[in-house]
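The structure appears right after this line, and notes come after that.
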Amino acid sequence: QNTNKMNEIRHRGSKVADSSNSTNIDTSKEEAIDKSHETWSSRHFGWFLPLNTGNNDRHSYSKNLHLNLKKEEEEEEEENEIQFKPWSHYKNKNKFQEMYTDLRNGNRRWWKSKHNSFYHDYIQIIIEYLIFLLLSPLLLIIIIIVYGAICISFIIPFIKSLLYEISSFGESEVALFDKKHGVKITSKASIFHINRFTIYRLFHYAYWVTIDLFLTLSRLISGRQNISLIKDNELIIYMHSNQHLKFEYDDSDNNDIIGGFIDNSDVIDIAENELYKGRYFPISKIYYNYKTKIISFTLNDENGTIISNDNISCSKSIWDLTKANYISQRCIMDTLTHSWVHFHFADIVCTQLYKYFGNIPHTVLGQLIHSHFIYTSSINMAGAGDKFNQPQIFGDLDNCINTLNPVKINPMKKNGAHSILKMRIIKHYYDENGNFIELKSPKNSNNTNIGHKQINIYQFPPKQIRDRLELFNNKSHINKHKGYSLYWDMLSEYYQSLYIFINKLILNKLIDINELNGFIDIIDKNGMNGLSKCQSIHVLCTLIWTNGYIHGADHITYHNIMCNFPHLGVYKPLNINDKHDDNNNHWKKYYRSWFASWISFKSQIFIHSFTQPLSSCFGKIADYTSSPKLYNKFKNITKLTKQKLELINKYHNEYLNDINNVSDKYEWMINVNQLDASISY
């Protein structure tokens with residue numbers, strides 16, 4: 001019965017394909033795979049990206065779009081209003097947007113805010129810049145070393161790749177991380193991706209671990225690297241603006257009413273036992289009741305002690321201290337639950353992308369996918385690695401090299417990091433009730449799924465998107481889910497805009513559905529067991545959406561909040577007595593010691609270097625989702641007539657208009673011009 005249902009889903013995915021069938025489909029598929037026509041220059045310089053110039057710059061495009069907008073009707077304005085149901089009891093319905101914008105702009109950073117003190121607001125700032133000047137000779141030496149290391153490690157191999165013939169410029173390689181499910185992660189990056197990252201992005205990272213590091217160090221020495229305490233309302237807004245939010249339903253209403261949000265992270269045990277030494281995770285759960293408006297923390301102790309802001313269960317000082325511990329814990333845990341976005345699906349696609357479409361794509365489908373895999377394998381290989389310039393470590397966490405190395409400011413044991421990485425991938429992509437492929441592998445078979453579980457075919461797109469779109473559910477179901485998670489509401493609207501764009505391309509025979517199905521079949525056989533049973537259009541949309549939207553959104557929403565409260569991890573146990581009264585613990589003692597300032601300094605470098613969106617080194621490179629020249633205006637597509645070329649660019653412009661409209665609605669949280677087209681950090 002399950003098999004018949006899956007086949008039905010695949011059939012439904014081909015309904016759009018039927019309208020684009022043509023007699024030349026099989027030959028076009030062969031041409032997509034045939035790379036014999038590629039020249040020496042295309043193999044060596046195919047990694048170059050188009051430039052945005054004039055109105056083709058994504059910021060100029062957005063600006064011109066706003067200038068050309070007509071006044072919207074009142075009904076349309078109502079549709080564009082953001083409904084945030086947990087905020088419905090406030091008179092100012094948009095106050096949460098103002099509060100989030102304040103956080104996003106970093107106005108809650110202690111060193112940016114005014115303290116109405118001559119010493120804090122003037123003397124310390126002068127001391128900070130004097131210290132920076134004194135440290136500048138050392139900074140100059142560090143810059144020479146860092147940029148020299150970049151030249152040796154990256155630029156020289158880059159030059160060699162241009163001078164010598166290499167058989168496989170594009171292909172990356174993966175290693176098997178989990179035999180049961182077949183989880184794979186990049187072990188060798190594509191030379192194309194390495195070259196692009198070296199030229200377009202690497203020097204930005206060098207800035208953060210040199211100049212920015214010394215600026216932050218100067219602030220630390222001057223005594224200004226302190227942290228403010230997050231407010232209760234800021235905590236509520238933060239929890240509704242990231243992907244980790246879960247909901248609890250009110251049993252008295254037949255599970256039709258959401259009673260509150262709940263977060264009991266599944267990574268605490270691994271993080272505590274396998275990942276860190278001397279770090280604590282004192283809070284096992286946070287809960288917010290939408291009826292009573294009370295936030296409560298369940299402590300990670302033997303009694304499951306509950307602390308809340310009801311003014312009864314504990315004193316204000318205990319509540320503030322617990323809240324400070326939670327944000328420190330959340331600051332580190334959000335970096336551990338992001339792995340499904342980066343790895344496995346994207347890694348497998350990277351291994352097949354250049355084999356199937358060639359180094360320079362000559363079909364619309366190839367151009368689309370190529371443009372969303374600009375740096376991916378280079379980033380994923382580094383992200384899971386433990387070398388000197390990679391985040392994980394092998395050996396002692398607190399040895400001298402790991403303590404001083406700015407790249408390892410948030411050091412994680414490699415084995416523990418991989419355990420969490422695998423767990424999150426399996427939880428997202430795999431259905432525990434899924435079937436195994438138990439057949440013996442036939443001789444010369446290309447199917448690597450033998451013995452591996454089948455993926456959850458309903459994760460393309462994920463349930464959080466399906467719950468919010470009429471593509472998948474009726475209005476009553478959508479109304480039940482929309483209005484709570486600001487994060488998923490926004491990303492569902494981006495998904496819908498992307499779906500409309502891709503659907504137009506398929507219906508107008510600009511994407512060959514058989515070429516798409518063929519590529520999906522190859523990804524299925526190489527590690528995504530069951531992918532070919534999903535709807536083809538949604539597999540493509542989910543692939544682009546994962547790289548071009550949710551990856552960037554995850555990073556940006558994290559940075560928007562945590563740049564104000566940088567404190568990666570809890571280094572002391574949270575001790576609260578039985579009466580929950582003030583036992584001489586205060587949040588300022590937790591945040592304002594020199595040790596806390598040192599941790600904050602290291603955390604600030606990590607947050608700046610690895611979580612905020614970075615522009616390309618040359619500024620005008622078309623490597624953002626909203627770049628008008630992201631797909632190079634489809635100039636590489638040799639068999640497009642002039643009329644079809646105009647049509648496809650017309651559809652792309654309509655798509656850019658759609659995503660800019662979504663961006664206008666959620667501008668206070670994320671601007672679409674911040675979203676990279678590819679996994680790039």
Q. Under the side chain to side chain donor-acceptor pair (under 3.5 Å) criterion, do Asp676 and Tyr375 qualify, and how do the steps go?
A. CA-CA 10 Å; Asp676 294 75; Tyr375 311 108; over 6 Å; no

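- At distances below 3.5 Å, not a single donor-acceptor pair connects side-chain atoms of Gln97 with backbone N or O atoms of Asn94.
- In this structure, the side chain of Asn473 does not engage the main chain of Ile478 through any donor-acceptor pair within 3.5 Å.
- In terms of modelled atom types and a separation under 3.5 Å, the side chain of His481 and the main chain of His477 share a donor-acceptor contact.
- For the side-chain contact (heavy atoms from CB on, under 4.5 Å) with Leu540, the lone residue among Leu505, Ile369, Ile520, Ile513 that qualifies is Ile369.
- The salt bridge (charged side-chain N to carboxylate O under 4.0 Å, His left out) analysis of residues 544-554, with sequence neighbours excluded, yields no pairs.
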Q.
As a quick check of understanding, evaluate side chain to side chain donor-acceptor pair (under 3.5 Å) for Ser497 and Glu493, giving each step before the final call.
A. CA-CA 6 Å; Ser497 298; Glu493 293 188 36; over 6 Å; no

(Q) Could you walk me through whether Glu515 and Thr363 satisfy the side chain to side chain donor-acceptor pair (under 3.5 Å) test, starting with their C-alpha distance in whole Å, then the side-chain angles of each, then the deciding distance to 0.1 Å, before giving a yes or no? (A) CA-CA 9 Å; Glu515 181 188 24; Thr363 66; 2.9 Å; yes

(Q) Between His428 and Phe345, is the ring-ring contact (aromatic ring centres under 6.0 Å, His included) condition met? List the steps. (A) CA-CA 11 Å; His428 179 81; Phe345 188 22; 9.5 Å; no

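- Between His240 and Tyr290, the ring-plane angle classifies as tilted under the 30° and 60° cut-offs.
- The closest side-chain donor-acceptor pair between Thr557 and Asn242, if any, does not fall under 3.5 angstrom.
- Between Phe610 and His559, the distance from one ring center to the other does not fall under 6.0 angstrom.
- Salt-bridge formation is not detected for the pair Glu646/Lys650: no Lys NZ or Arg NE/NH1/NH2 atom is positioned less than 4.0 Å from an Asp or Glu carboxylate oxygen.
- Under the rule for a ring-ring contact (aromatic ring centres under 6.0 Å, His included), the partners of Trp668 that lie at least two apart in sequence or sit in another chain are Phe96, Tyr100.
- With Asn508 contributing its side chain and Lys504 its backbone, the two residues share a donor-acceptor pair below 3.5 Å.
- By the neighbour-count criterion of 12 heavy atoms within 6.0 Å, atom NZ of Lys85 is densely surrounded, having more than that number from other residues, nucleotides or ligands.
- Within 6.0 Å of NZ on Lys95 lie no more than 12 heavy atoms contributed by other residues, nucleotides or ligands.
- A donor-acceptor distance shorter than 3.5 angstrom exists from the side chain of Arg196 to the backbone of Ile374, with no hydrogens or angles considered.
- In terms of heavy-atom proximity, Thr376 sits nearest to Ser678 at OG1-OG, 3.2 Å.
- Considering only residues two or more places apart in sequence or on other chains, Asp467 meets the salt bridge (charged side-chain N to carboxylate O under 4.0 Å, His left out) condition with Lys463.
- Checked against a 6.0 Å centroid threshold, the rings of Phe472 and His538 count as neighbours.
- Residues Asp489 and Arg468 are paired through a salt bridge, judged by an N-O separation under 4.0 Å between the basic side chain and the carboxylate.
- Trp545 places a side-chain N or O within 3.5 Å of a backbone atom of Leu491 that can act as its donor or acceptor partner.
- Using bins of under 30°, 30° to 60° and over 60° for the plane-to-plane angle, the ring pair Phe501/Tyr655 lands in the parallel bin.
- Between the side chain of His193 and the backbone N or O of Ser377, at least one donor-acceptor pair lies under 3.5 Å.
- Partners of Phe373 according to the ring-ring contact (aromatic ring centres under 6.0 Å, His included) rule, which considers only residues two or more places apart in sequence or in another chain, do not exist here.
- Panel note: side chain Asn671, backbone Asn673; a donor-acceptor pair is recorded below 3.5 Å.
- Classified by interplanar angle (parallel below 30°, tilted 30° to 60°, perpendicular above 60°), the ring pair Trp87/Phe84 is parallel.
- For His370 and Phe192, the distance between ring centers is not under 6.0 angstrom.
- Side-chain atoms of Asn564 come within 3.5 Å of backbone N or O of Asn560 as a donor-acceptor pair.
- With hydrogens and angles disregarded, no donor-acceptor distance shorter than 3.5 Å links the side chain of Asn456 to the backbone of Tyr429.
- Taking all atoms of both residues into account, the shortest heavy-atom contact from Met562 to Ile607 is O-CD1, 3.5 Å.
- Every side chain to side chain contact (heavy atoms under 4.5 Å, CB included) that Asp347 has, sequence neighbours left out, goes to Val174, Ile185, Thr186, Phe343, Asn380.
- Among residues two or more places apart in sequence or in another chain, the salt bridge (charged side-chain N to carboxylate O under 4.0 Å, His left out) test is passed with Lys644 by none.
- Separation of the Phe460 and Tyr458 ring centroids does not fall under the 6.0 Å cut-off.
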Q.
Run the side chain to side chain donor-acceptor pair (under 3.5 Å) test on His372 and Tyr549 for me, step by step, so that the C-alpha distance in whole Å, both residues' side-chain angles and the decisive distance to 0.1 Å come before the verdict.
A. CA-CA 10 Å; His372 289 280; Tyr549 289 98; over 6 Å; no

